[in-house]
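Every heavy atom of this structure was used, including side-chain atoms; hydrogens, water molecules and symmetry mates were not. Just so you know, ligand 1 is whichever comes first in the structure, and atom 1 is the first atom listed for that ligand. For this chain, numbers begin at 1 and follow the sequence in order.
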Amino acid sequence: MGEDVLRVLDERTKSTFDMPFFKGAIRAMDLRKIKTDGTDFGVMSYDPAFLNTASCQSAITFIDGDRGILRYRGYPIEDLAENCTFLEVAWLLLFGELPNEADLANWVHEITHHTMLHETTKKFLEGFSPDAHPMAMFISTVAALSTLYPEARNVRDAASRRLQIGRLIGKVPTIAAYTYRHSLGYPYVYPDNDLNYAENFMNMLWRMVEPKYQAHPALARALDVLFILHADHEQNCSTNVMRSVGSSEADPYVSTAAAAAALSGPLHGGANEAVLKMLDEIGSKDRVREYVDHVKAGHGKLMGFGHRVYKNYDPRARIIKWTADRVFEVTGRNPKLDIALELERIALEDEYFIQRKLYPNVDFYSGIIYQAMGFKPEMFTVLFAIPRTVGWLAQWQELLEDPEQKIARPRQIYVGHDERRFVPMEKRVAKPSAASR
Ligand code: SDX
């Protein structure tokens, strides 16, 4: 093996530059050594959408997209989904190790006692029209928590960070449930501290007049597993937003709201809702082939298919399919599953999808389960945001503790006008402006 450097020859100057490899990458700042003369700014890397740019070092989640591997702090997602509770995995993601019995008990007690919302939050929610999208209400209400905890701005204070982390993980299910109850015009249901995280969420969603909500254990466990699967996924779009907003030292509430806003897009966490709309549009198994041909002709995408990193089956989709069978044993089979299975079968045999390495992702089957459990499609992305709040906070905390990190501020390649003289109004020629495009 030669030296652990990348040697670059600049044909413009015939100069060579050695760039030491850093954990298999090169530091982009080393490119700036490549200049044509002393006044030259130096070379930048150009990488729209960050297809090949590492923005940080992280020890939280590992993905091998070619082998379909996902691990949280080194533990395979399959083992965690089978053996852990969501709060156990939340501790792992945030603090790096699986909790012992005492730590877990204290952690569950802490989160349970942060599920209540300040009463003003309910008045804030009342301002939304009943048909407001639950994700928009969730984003706004999480941001509004920032007004209640001004000390959260002390992001460099570890004790304050720890307190806000507990508050956010405890409160996001309550906010989610309240947006759901508001959309139905039902009274809010207060948290019940006798119930676990998933059961309490179901209680706040679905308790009506019974004195004590009884969650079906199989459905509560299915929700807990779905929360585990959605908890973190390294530097995805919304996590990138969490890190970017967090890098300005904004408080964790507005940073989490910004991340949730990114998640709401249909190319990201909004895909689970879009999958159900797609399955409704297809309507039946025998129309799947026609729809697939429509997509191959360039009309739209197969929602719930494809991934920037996974070029093999998303391991989460496989576990979700297994979880669906457990849920359908209780709720009855969702007929949409037959359309989804036919869509997967046809797509996985079709050269268009094989060539582009498009497989079902985490969003393809999750909505079918949520719908069978009684959630309306508009709630699906909120169900994604609840567990991903843990991942966002773990990544936010890692960012703030990383001595290499500072405020995020990318560069650009300027392609606009060079300097030009001012044109007085009377000399301006009427031409179609950008505004009319
Ligand atoms: C999530 O990053 C994460 O980790 C995200 C996530 C997480 O846990 O945080 O895993 C959660 O967001 C999952 C993804 C949910 N989104 C969807 O299901 C929406 C549908 N999928 C696509 O929009 C797309 O696959 C993305 C956005 C997921 C990935 O897009 P890329 O990596 O930018 O790929 P691309 O758009 O450049 O596509 C490459 C080719 C293109 O065809 P050509 O231009 O080469 O002819 O594949 C095609 C695309 O048109 N393609 C699809 C397709 N996805 C990509 N064609 C049909 N259907 C699709 N779903």
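Against a heavy-atom cut-off of under 4.0 Å, Gly306 is close to the following atoms of ligand 1: 25 (O), 28 (C). Close approach to Arg316 involves these atoms of ligand 1, each under 4.0 Å from a residue heavy atom: 7 (C), 8 (O), 10 (O). Distances below 4.0 Å separate heavy atoms of Val295 from the following atoms of ligand 1: 57 (C). Taking every non-hydrogen atom of Arg388 and a distance limit under 4.0 Å, the qualifying atoms of ligand 1 come out as 7 (C), 8 (O), 9 (O). Interface of Arg308 with ligand 1, defined as ligand atoms under 4.0 Å from a residue heavy atom, comprises 29 (C), 31 (P), 32 (O), 33 (O). Atoms of ligand 1 found under 4.0 Å from any heavy atom of Ala271 (numbered from 1 in listed order, with element): 15 (C), 16 (N), 17 (C), 18 (O). Near Gly304, with a cut-off below 4.0 Å to any heavy atom, the atoms of ligand 1 are 17 (C), 18 (O).
Between His233 and Tyr72, every side-chain heavy-atom pair lies at or beyond the 4.5 Å cut-off. Put simply, the side chain of Ile77 reaches to within 4.5 Å of the side chain of Leu229, judged on heavy atoms. Side-chain contact between Tyr213 and Trp206: present, with at least one pair of heavy atoms (C-beta onward) separated by less than 4.5 Å. Here the side chains of Ile282 and Glu290 are not in contact, with every heavy-atom distance at 4.5 Å or above.
For atom 35 (P) of ligand 1, no protein non-hydrogen atom is found at a distance below 4.0 Å. Shown here, atom 39 (C) of ligand 1 is out of close reach of the protein: none of its heavy atoms lies under 4.0 Å off. When distances from atom 42 (O) of ligand 1 to the protein are checked, a heavy atom turns up under 4.0 Å. For atom 31 (P) of ligand 1, the nearest protein heavy atom lies under 4.0 Å away. In this structure, atom 19 (C) of ligand 1 has protein heavy atoms in its sub-4.0 angstrom surroundings.
Between Arg316 and Glu78 there is no salt bridge, since none of the side-chain N atoms of the basic residue sits less than 4.0 Å from a carboxylate O of the acidic one. Salt bridge status for Arg162 with Glu110: present, with a side-chain N to carboxylate O gap under 4.0 Å.
Annotation: Met303 places no N or O atom under 3.5 Å from an N or O atom of ligand 1; distance criterion only. Not one N or O of Asp314 is nearer than 3.5 Å to an N or O of ligand 1, by distance alone. Close N/O approach between Val362 and ligand 1 is not found [any backbone or side-chain N/O within under 3.5 Å].
Neither the backbone nor the side chain of Val275 has a heavy atom within less than 4.0 Å of ligand 1. Only the side chain of Leu358 comes within contact range of ligand 1, with a heavy atom under 4.0 Å; no backbone atom does.
Both tests do not hold together for Arg181 against Tyr186: distance to the six-membered ring centre under 6.0 Å, angle to the ring axis within 45°. Under a cutoff of 6.0 Å and an axis angle of 45°, Arg7 and Phe17 do not form a cation-pi pair. Within the cation-pi definition used here (under 6.0 Å to the ring centroid, within 45° of the axis), Arg356 qualifies as a partner of Tyr352. Judged by the 6.0 Å and 45° rule, Arg326 forms a cation-pi pair with Trp322.
With Leu267, Asn236, Asp232 as candidates, the residue nearest to atom 16 (N) of ligand 1 on a non-hydrogen basis is Leu267.
The protein atom (non-hydrogen) at minimum distance from atom 14 (C) of ligand 1 is Asn361 ND2, 3.5 Å. In this structure, atom 58 (N) of ligand 1 lies nearest to the protein heavy atom Leu302 N, 2.8 Å. Remark: minimum distance from atom 49 (C) of ligand 1 to any protein heavy atom is reached at Lys301 NZ, 3.9 Å. Among all non-hydrogen protein atoms, the one lying nearest atom 47 (O) of ligand 1 is Arg356 CD, 3.5 Å. For atom 21 (N) of ligand 1, the nearest non-hydrogen atom of the protein is Phe305 O, 2.9 Å.
In this structure, Arg71 contributes its side chain and Phe62 its backbone to no donor-acceptor pair below 3.5 Å.
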Which is it for Glu398 and Arg243 under the salt bridge (Lys or Arg N to Asp or Glu O under 4.0 Å) test, yes or no, and what are the steps along the way?
CA-CA 9 Å; Glu398 189 177 62; Arg243 282 179 169 262; 2.7 Å; yes
Start with the C-alpha distance between Asp338 and Arg333, add both sets of side-chain angles, then the distance that settles salt bridge (Lys or Arg N to Asp or Glu O under 4.0 Å), and finish with yes or no.
CA-CA 9 Å; Asp338 297 322; Arg333 184 181 174 82; 2.5 Å; yes
